[in-house]
There are 2 protein chains.
Amino acid sequence: MSSIKIKIQLVANDDIAMGPGKADLLDAIQQKGSISAAAISMNMSYKRAWDLVSIMNKSFKQSLITTSVGGEKGGGAQVTDFGLQVLAQYRAIETKTNDAVSDETQVLMQMLVDS
Amino acid sequence: MSSIKIKIQLVANDDIAMGPGKADLLDAIQQKGSISAAAISMNMSYKRAWDLVSIMNKSFKQSLITTSVGGEKGGGAQVTDFGLQVLAQYRAIETKTNDAVSDETQVLMQMLVDS
DNA sequence: GCACGCTATATTTTTATAAATATAGCGTGC
DNA sequence: GCACGCTATATTTATAAAAATATAGCGTGC
């Protein structure tokens, strides 16, 4: 059973503040405890993940991710409480929008060619 | 007063079925009566507009845009009734999502750096 | 039969994005 | 003091997307 997925991008002053990619990366970092492990799990280059982390930390009032270098595990990354709040807020927006327009998207889906 | 804009992309089998760009192009074609005039009004190349029209016509069960070549005005393009229905459905989804999560997006906006 | 304005399409060039590679630095523990 | 695993960053290479350019065709009206 196929269906339409809704991608929601929150855009502030011309660049994307939060979208599915960054949200998923936050999730993965929280789960894995490091940027590199998160990147690998998402099939993403470390550089790309690190760039996204940098952009996120710069675009919000507080850091969403803190990192540490060296130590027994070589270092790591943690999602801050503030980061978890941002993520929860984004997930809430995702859920609410999907709920709000499920009927309408189904109608539109039926207008698409079968695939 | 700045605010977050929500970009909604309806994604079916890996490629975007409808997003803000295609919707705006449909609007412009309906208003201008030609692909080229619509493209100019959107600061878009004719080729890009034509490609989008082609993709839209292929991805829906019926054509959203019909075109004619030659004639007194050189030709033109019209949005079909079906195209108008698709557009209306997309706009309805946009409006409903914005209404459904305006509170949540405002909270998220306040978490962003001032710009 | 030529000019006009549009559709239709191919080809080339430019630009932007992503991926790959390389290197340095850090702190713990052996 | 060396290895490990991670962060941090620069540089290069490859790929994809967009833009630019070019050309052909159509039908009306002069």
Side-chain angles (χ1 to χ4, degrees), chain A residues 7 9 11 13-59 62-80 83, chain B residues 7 9 11 13-59 62-80 83:
Chain A
K7 276 194 186 174
Q9 296 182 326
V11 181
N13 40 272
D14 218 31
D15 47 24
I16 297 165
M18 187 61 56
K22 285 173 183 165
D24 290 350
L25 181 59
L26 272 182
D27 260 337
I29 290 172
Q30 196 208 2
Q31 192 187 331
K32 299 287 181 180
S34 85
I35 295 174
S36 86
I40 289 168
S41 78
M42 296 181 67
N43 213 34
M44 178 187 288
S45 71
Y46 171 79
K47 187 190 187 305
R48 177 156 172 67
W50 188 89
D51 283 347
L52 289 173
V53 166
S54 174
I55 288 168
M56 279 192 274
N57 279 343
K58 282 176 189 162
S59 53
Q62 300 175 36
S63 290
L64 309 198
I65 299 110
T66 52
T67 58
S68 60
V69 175
E72 61 179 336
K73 291 179 181 173
Q78 296 80 38
V79 179
T80 64
Chain B
K7 277 195 187 175
Q9 295 182 328
V11 181
N13 40 272
D14 217 32
D15 47 24
I16 297 165
M18 188 60 57
K22 284 173 184 166
D24 290 350
L25 180 59
L26 272 183
D27 260 337
I29 290 171
Q30 196 207 3
Q31 192 187 331
K32 300 285 182 180
S34 86
I35 295 173
S36 86
I40 290 169
S41 78
M42 295 180 70
N43 213 35
M44 179 188 288
S45 72
Y46 170 80
K47 186 188 187 308
R48 177 156 171 66
W50 188 89
D51 284 347
L52 289 173
V53 166
S54 174
I55 288 168
M56 279 191 274
N57 279 344
K58 282 175 189 163
S59 53
Q62 300 176 36
S63 290
L64 310 198
I65 298 110
T66 52
T67 58
S68 60
V69 174
E72 62 180 337
K73 290 178 180 172
Q78 296 79 38
V79 179
T80 64

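Residue numbering restarts at 1 for every chain, and letters A, B, ... go by the order of the sequence lines.
Within the 4.5 Å cutoff, side-chain heavy atoms of A:L26 are placed close to those of A:M56. Using a 4.5 Å heavy-atom cutoff, the side chains of A:I55 and A:K22 are in contact. Annotation: side chain of A:I29 is in contact with side chain of A:V53 (closest heavy-atom distance under 4.5 Å). With contacts defined as side-chain heavy-atom distances shorter than 4.5 Å, the pair B:M18/B:L64 qualifies.
The environment of A:D15 atom CG is dense: over 12 non-hydrogen atoms of other residues, nucleotides or ligands sit within 6.0 angstrom.
Taking a 4.0 Å limit (strictly below) on heavy-atom distances, residues 67-75 of chain A reaches DNA chain D at A:T67, A:S68, A:V69, A:G70, A:K73, A:G74, A:G75. Within residues 23-31 of chain A, no residue approaches DNA chain D, by heavy-atom distance under 4.0 Å. Proximity of residues 40-58 of chain B to DNA chain C (heavy atom under 4.0 angstrom from any strand atom) is restricted to B:Y46, B:K47, B:W50.
Taking 4.0 Å as the cutoff to heavy atoms of chain A, we find the contact window on DNA chain D bounded by D:dG5 to D:dT11.
Contacts classified as salt bridge (Lys or Arg N to Asp or Glu O under 4.0 Å) and involving residues 31-49 of chain B (residues at least two apart or in different chains) are given here: B:K47-B:D51.
To the nearest 0.5 angstrom, B:S34 atom OG is 10.0 Å from B:K73 atom NZ.
Residues meeting the side chain to side chain contact (heavy atoms under 4.5 Å, CB included) test with A:I16, sequence neighbours left out: A:Q9, A:V11. B:A49 meets the side chain to side chain contact (heavy atoms under 4.5 Å, CB included) test with B:L25, B:I35, B:A39, B:M44; sequence neighbours excluded. Here A:N13 pairs with B:S115 under the side chain to side chain donor-acceptor pair (under 3.5 Å) rule; sequence neighbours left out. Remark: B:A28 engages B:A38, B:S41, B:M42 in a side chain to side chain contact (heavy atoms under 4.5 Å, CB included) (not counting sequence neighbours). Remark: A:S54 pairs with A:W50, A:K58 by the side chain to side chain contact (heavy atoms under 4.5 Å, CB included) rule, at least two apart or across chains. Residues meeting the side chain to side chain donor-acceptor pair (under 3.5 Å) test with B:D24, sequence neighbours left out: B:R91.
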- For DNA chain D, produce a single dot-bracket line, 5' to 3'. Pairs: Watson-Crick or G-U wobble, both distances under 3.5 Å. Symbols: ( ) within strand, [ ] crossing, | other strand, . unpaired. ||||||||||||||||||||||||||||||
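Put simply, the side chain of A:N57 never gets that close to the backbone of A:S63: no donor and acceptor are under 3.5 Å apart.
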